[in-house]
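Down below is the structure, laid out as structure tokens.
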Amino acid sequence: MDKLFNRKKIILVIGGGISAYKSLDLIRLLKKQGCQIKVILTESGKKFVTPLSVASLCQNKVYENIFDSTREAEMDHISLSRWCDIILFAPATANSISKLASGRADDLASTVILASNKQVILAPAMNVRMWIHKSTQNNFNKLLDYGYVFVGPTTGEMACGEYGEGKMSSPEEIYEFIKNYFLNRDIVKDKNLKALVTAGPTKEYIDPVRFITNNSSGKQGYEIANSLAKSGIETTLISGPSKLKKPQNVNFIKVETAKQMYMETKKALPVDIAICAAAVTDFKPEKYEIYKIKKNDLNINFKRNPDILEFLSKNNSQRPKLVVGFAAETNNILKFAKEKKIKKHCDWIIVNDVSNPEIGFDSEYNAVTIIDDKNIEKISKNSKTNIANKIVRKIVNNFIQ
Ligand code: CTP
């Protein structure tokens, strides 16, 4: 029995696909390690495996029907969705993926998943054409955006005789994936990691009605804070003026100016991880005029704002173990980013090309390159949520190795 799996609670949804039989093996593997499993068998799943065989293997009742009065009294769909540590959907068909992507709740499986606040892991299984179809790929991306994760599909010979990507991962692969998930989550929890994220623009007032700022939405930083918090890392988000909603489960501090952001950053120390995603306004007026400046009196001198990233990187007494900076560049992207990494003494620099209107500042999308001391890793155009999840996965890996 594996200590890591012992007493972990898993809801396994078995959908209607020829690979449903593999899920029976998966139940056996997980049970052997001490997991508690409750299975939801969809209507089409029942055409491939029987409730009786599932019940005998998981040694639990099988959940089939959303309108089952005895079951609802015993454990309704809400408590079922709260009971587990994770929900695993294997096989997840094109239809169920589409249903989840559109937020439908017309059977027990989709209702439990929609109502759940737990990690959902999907193991897709379908014909290659169905998998690569644009609508399935759009649904897949949507679900990634919602924070669902996928194991597989893999490439190989299919039940229908065709060859390609769409096969459900083997029970062993799914088992290893889940094990890895619990391993990462539990280690992160044990390490009590703390993170700090700066995000959004800052506003530097000239007089009571005028200020300088930039059009950063704050989205990338908010998504990173959200993803860190979801990974079990205690996260403080220090945000400049942004219209975005505060992410759940983060300590949220709203500021206006670079100076306030700097002061709040100092207060948030010590942390293990610092991510400076804010588009800090580099300079501010030397003097703030308490009365509105008349247009004929225009005479403004500027001075530099504190550099928060540089302060964190050079802070010998309380330097975070990992300091990550962002570089928004328009030309000579990699060269300038590498120079910025050296100049600011940070461990990683994440660079994006803000000259491309499809990504960056006010867009839902981004494409970045992460430069650390040894590697340059590209993350191609993706939603800012997915980019954040990938960055956070790299951060977590960095701490659990
Ligand atoms: N940064 C910061 N404090 C500042 C300015 C920038 O913490 N006062 C951080 C940003 O959050 C980002 C990184 O520094 O992580 C780089 O920001 P960027 O605006 O690209 O660089 P600059 O310092 O403005 O350098 P340059 O003007 O040469 O591009």
Side-chain angles (χ1 to χ4, degrees), residues 195-205 211-225 228 235-242 244 253-269 271 273-286 302-315 318-320 322-356 359-363 366-372 379 384 387-388 391-392 394-395:
L196 145 74
V197 180
T198 67
T202 65
K203 239 179 185 179
E204 310 300 330
Y205 281 91
F211 53 81
I212 43 173
T213 188
N214 57 63
N215 63 355
S216 158
S217 64
K219 174 97 177 151
Q220 190 62 79
Y222 275 54
E223 289 294 351
I224 291 174
L228 285 164
T235 305
T236 298
L237 171 63
I238 304 173
S239 169
S242 162
L244 297 172
I253 299 164
K254 195 98 185 235
V255 296
E256 283 214 299
T257 66
K259 170 109 184 275
Q260 289 165 354
M261 190 174 269
Y262 171 69
M263 297 307 284
E264 291 299 335
T265 299
K266 270 178 137 178
K267 272 198 236 160
L269 296 178
V271 294
I273 303 154
I275 301 176
C276 293
V280 183
T281 309
D282 288 312
F283 34 80
K284 65 173 181 181
E286 219 162 41
F302 290 98
K303 66 175 183 187
R304 292 280 297 271
N305 263 324
D307 193 308
I308 300 163
L309 176 60
E310 219 170 316
F311 157 74
L312 287 164
S313 298
K314 293 183 178 167
N315 184 336
Q318 286 190 314
R319 189 190 194 280
L322 181 71
V323 181
V324 181
F326 270 77
E329 305 291 350
T330 52
N331 57 322
N332 283 330
I333 314 273
L334 287 185
K335 180 176 175 283
F336 287 155
K338 282 181 191 164
E339 284 170 8
K340 204 165 273 181
K341 177 177 174 300
I342 294 168
K343 191 177 97 197
K344 301 219 181 193
H345 294 264
C346 53
D347 304 300
W348 302 356
I349 197 116
I350 303 177
V351 57
N352 60 354
D353 177 356
V354 285
S355 70
N356 180 350
I359 57 170
F361 266 170
D362 212 13
S363 155
N366 207 353
V368 300
T369 303
I370 307 177
I371 303 173
D372 63 24
I379 307 180
K384 286 185 175 169
I387 300 266
I391 293 170
V392 169
K394 187 174 159 80
I395 291 172

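Counting starts at 1 for both ligands and their atoms, in listed order.
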query = Residues two or more places apart in sequence or in another chain: which of them pass salt bridge (charged side-chain N to carboxylate O under 4.0 Å, His left out) with Lys259?
reply =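 Lys259 satisfies salt bridge (charged side-chain N to carboxylate O under 4.0 Å, His left out) with no other residue.
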inquiry  = Just to verify, what does Glu204 make a salt bridge (charged side-chain N to carboxylate O under 4.0 Å, His left out) with, not counting sequence neighbours?
reply    =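 Counting only residues at least two positions away or on another chain, Glu204 forms no salt bridge (charged side-chain N to carboxylate O under 4.0 Å, His left out).
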task = For a side-chain contact (heavy atoms from CB on, under 4.5 Å) with Leu196, tell me which candidate from Ile308, Leu312, Leu228 qualifies.
result =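 Single pass found, and it is Leu312.
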inquiry  = Can you tell me if Phe302 has over 12 outside heavy atoms packed within less than 6.0 Å of its CZ?
reply    =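 Correct, the count exceeds 12.
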task = Report the residues that fulfil side-chain contact (heavy atoms from CB on, under 4.5 Å) with Ile333, sequence neighbours left out, ordered by chain and then residue number.
result =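 Applying side-chain contact (heavy atoms from CB on, under 4.5 Å) to Ile333 gives Glu329, Val351, Asp353.
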key: Pair Lys219 + Glu223: basic N to acidic O under 4.0 Å   =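 Yes, this pair counts.
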Contact residues of ligand 1, where a non-hydrogen atom lies under 4.0 Å away =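 These residues qualify: Cys276, Ala278, Val280, Asp282, Pro306, Asp307, Ile308, Leu309, Gly325, Phe326, Ala327, Ala328, Lys340, Lys344.
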